[in-house]
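Counting from 1, the numbers follow the sequence of the chain as shown. The figures here come from the full heavy-atom set of this structure, side chains too, leaving out hydrogens, waters and symmetry mates.
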Amino acid sequence: MAAARALRSCSWSARHLSCVHHIQMCSSVHVVKPKYTCLFGYSSFKFSHPHRLLRTTSTVNGQILQFKLSDIGEGITEVTIKEWYVKEGDTVSQFDSICEVQSDKASVTITSRYDGIIRKLYYGVDQIALVGKPLVDIETETLKGVDRTRDRTKLVNKDSEEDVVETPAVFHDEHTHQEIKGHKTLATPAVRRLAMENNIKLSEVVGTGKDSRILKEDILNYLAKQTGAILPPSPKSEIIPPLLKSETIQSIPVPVLKPKVFTGKDRTEPITGFAKTMVKTMSMAMKIPHLGYCDEVDLTQLVKLQKELKPIALARGIKLSFMPFFLKAASLGLLQFPILNASVDENCQNITYKASHNIGIAMDTEQGLIVPNVKDVQFRSVFEIAIELNRLQKLGSTNHLGTADVTGGTFTLSNIGSIGGTYAKPLILPLEVAIGALGAIKTVPRFNEKDEVIKTQIMNVSWSADHRIIDGATVARFSNLWKSYLENPASMLLELK
């Protein structure tokens with residue numbers, strides 16, 4: 001066993017002169033002579049003597065870095081710590097998961113940027129972490145890559161407070177960049193991760209990218225050479241040579257559009273005829289508080305019945321549409337709900353129940369919107385209603401409707417479906433208390449009683465009623481009764497003549 005003798009060891013604070021004296025340790029270790037001293041606390045120092053100095057402690061601590069929570073986008077300023085994947089004292093590598101955070105938009109896993117040891121966790125589970133503030137403290141492994149089995153000593157980092165001086169060593173496994181003979185090895189984090197996963201030193205790979213940057217293909221080719229595998233060649237973008245002057249494409253002239261001169265002039269015309277009457281009527285209608293109710297009707301059976309009766313009616317010289325059925329069903333409903341076939345005075349102090357069902361039909365003509373009505377619908381059959389409708393439509397198209405045809409209405413139906421509408425908000429005509437707007441008949445899928453999908457004919461209807469005297473329940477019950485007559489049209493066959 002080698003003998004050892006200690007002469008003297010003195011040390012001051014980090015900013016004072018420290019002297020280390022040793023005599024012979026063993027044959028494999030260099031001797032530190034008394035005349036060599038080092039001064040700590042300065043930013044830099046140099047040693048030119050060929051001898052090396054020994055460490056005075058068994059380990060050298062690395063630099064502690066604050067790993068801050070970076071911006072994770074979407075304007076997020078704070079997150080909640082949901083789970084820690086590490087604890088204090090754990091060793092982590094670059095790209096290792098540190099924790100999972102939850103923002104108000106998504107859950108994000110935070111990974112390490114450094115290799116080292118976790119020294120401090122700044123937050124607990126379910127605590128709020130702020131973006132830009134420290135998340136953990138990581139002690140980086142500054143001496144990683146040095147072969148401790150070799151007979152060499154080490155140089156302490158300039159910020160270390162230990163009394164150690166060591167000779168410089170070349171570091172090969174560094175994640176931010178590597179130095180090969182004074183040059184930096186360029187590679188993206190993804191390429192470095194690929195190299196790290198396959199235990200490849202970037203210093204051994206020849207980069208083919210710009211400025212000798214190492215690409216993913218370079219790593220794969222290096223692996224292929226090591227394993228003997230044959231990789232397919234990476235696609236290269238086709239280089240298009242620049243065009244010669246004679247081949248340059250001539251610029252296409254942009255057409256110049258001349259501004260158009262608009263010669264039209266505004267004109268003012270007096271409102272006359274039906275338009276003037278409509279202005280007065282609609283102004284009065286807007287004073288009525290409207291109650292709206294919408295529903296849909298299954299007209300599948302009615303469509304079949306109308307097709308069967310259409311040739312019979314045509315043989316009698318009658319054009320049979322769906323409107324006579326709608327009018328007759330409305331009249332049958334008004335018999336059960338007479339308040340919808342009523343009128344009120346101007347101050348809504350008295351209500352008058354009308355005995356006749358004079359149901360108006362809104363018609364869109366060249367002269368404007370007119371509303372003739374079919375008198376005494378409660379006494380007419382479907383065919384008789386169709387005959388009266390044919391007469392009113394013919395007179396309306398030729399502007400020959402008489403005063404008796406457009407006055408005395410008690411209830412109104414508007415067929416917006418002829419234009420293509422679905423739902424509407426019809427306005428009540430003054431002196432009446434209710435109106436209905438009929439949408440277009442559309443073929444749609446529905447479920448029957450056996451949960452089978454069948455083709456049905458559906459029509460939407462929109463009702464409006466004077467909310468001063470009529471409530472929503474009354475309108476709903478009337479609508480259901482009107483629907484029942486149309487969905488089971490056999491109940492109206494007895495009225496046919």
**Q.** Distance-only donor-acceptor check, side chains Asp218 and Thr208, under 3.5 Å
**A.** yes
(Q) The test is side chain to side chain contact (heavy atoms under 4.5 Å, CB included); show your working for Thr80 and Val101 and say whether it passes. (A) CA-CA 5 Å; Thr80 302; Val101 299; over 6 Å; no
Q.
If I take atom CG from residue Leu291 and atom CD1 from residue Ile470, how far apart are they, to the nearest 0.5 angstrom?
A. 8.0 Å
Q) Hey, are Tyr122 and Gln66 close enough side-chain-wise for a donor-acceptor pair under 3.5 Å? A) yes
(Q) Run the side chain to side chain donor-acceptor pair (under 3.5 Å) test against Arg193 and tell me which residues pass, sequence neighbours left out. (A) Glu197
Q. So, for Lys87 and Leu121, which heavy atoms are closest and what is the spacing to 0.1 Å?
A. CA-CD1, 4.2 Å
**Q.** Spacing of Met196 atom CE and Leu202 atom CG [to the nearest 0.5 Å]
**A.** 10.5 Å
Q | Which residues share a side-chain contact (heavy atoms from CB on, under 4.5 Å) with Val131, sequence neighbours left out | A | Leu69, Asp71
Q: Applying side chain to side chain contact (heavy atoms under 4.5 Å, CB included), run through Lys120 and Leu135 and close with a yes or a no.
A: CA-CA 9 Å; Lys120 181 179 179 180; Leu135 188 64; over 6 Å; no
Q.
Testing the 3.5 Å rule here: is there a donor-acceptor pair between the side chains of Gln94 and Tyr114?
A. no
Q. So which of Trp482, Tyr423, Tyr293, Phe337 actually passes ring-ring contact (aromatic ring centres under 6.0 Å, His included) with Trp463?
A. Trp482
Q. How long is the gap from CG on Leu327 to CG on Leu413, to the nearest 0.5 Å?
A. 5.5 Å
Q. For atom CE of Met284, is the number of surrounding heavy atoms from other residues, nucleotides or ligands below 6.0 Å larger than 12?
A. no
Q. What do you reckon, is NE2 of His290 surrounded by more than 12 foreign heavy atoms closer than 6.0 Å?
A. yes
Q | Tyr85 and Glu100: CA distance, side-chain angles, deciding distance, side-chain hydrogen bond (donor to acceptor under 3.5 Å, both in side chains) verdict | A | CA-CA 8 Å; Tyr85 299 126; Glu100 180 181 353; 3.1 Å; yes
Q: Check whether more than 12 heavy atoms from other residues, nucleotides or ligands sit under 6.0 Å from atom CZ of Arg446, and answer yes or no.
A: yes
**Q.** Distance (rounded to the nearest 0.5 Å) between Asp126 CG and Ile81 CD1
**A.** 9.5 Å
Residues 262-269 side chain polar contacts: donor-acceptor under 3.5 Å, at least two apart:
unit_1 : atom_1 : unit_2 : atom_2 : d
Arg267 : NE     : Glu269 : OE2    : 3.0

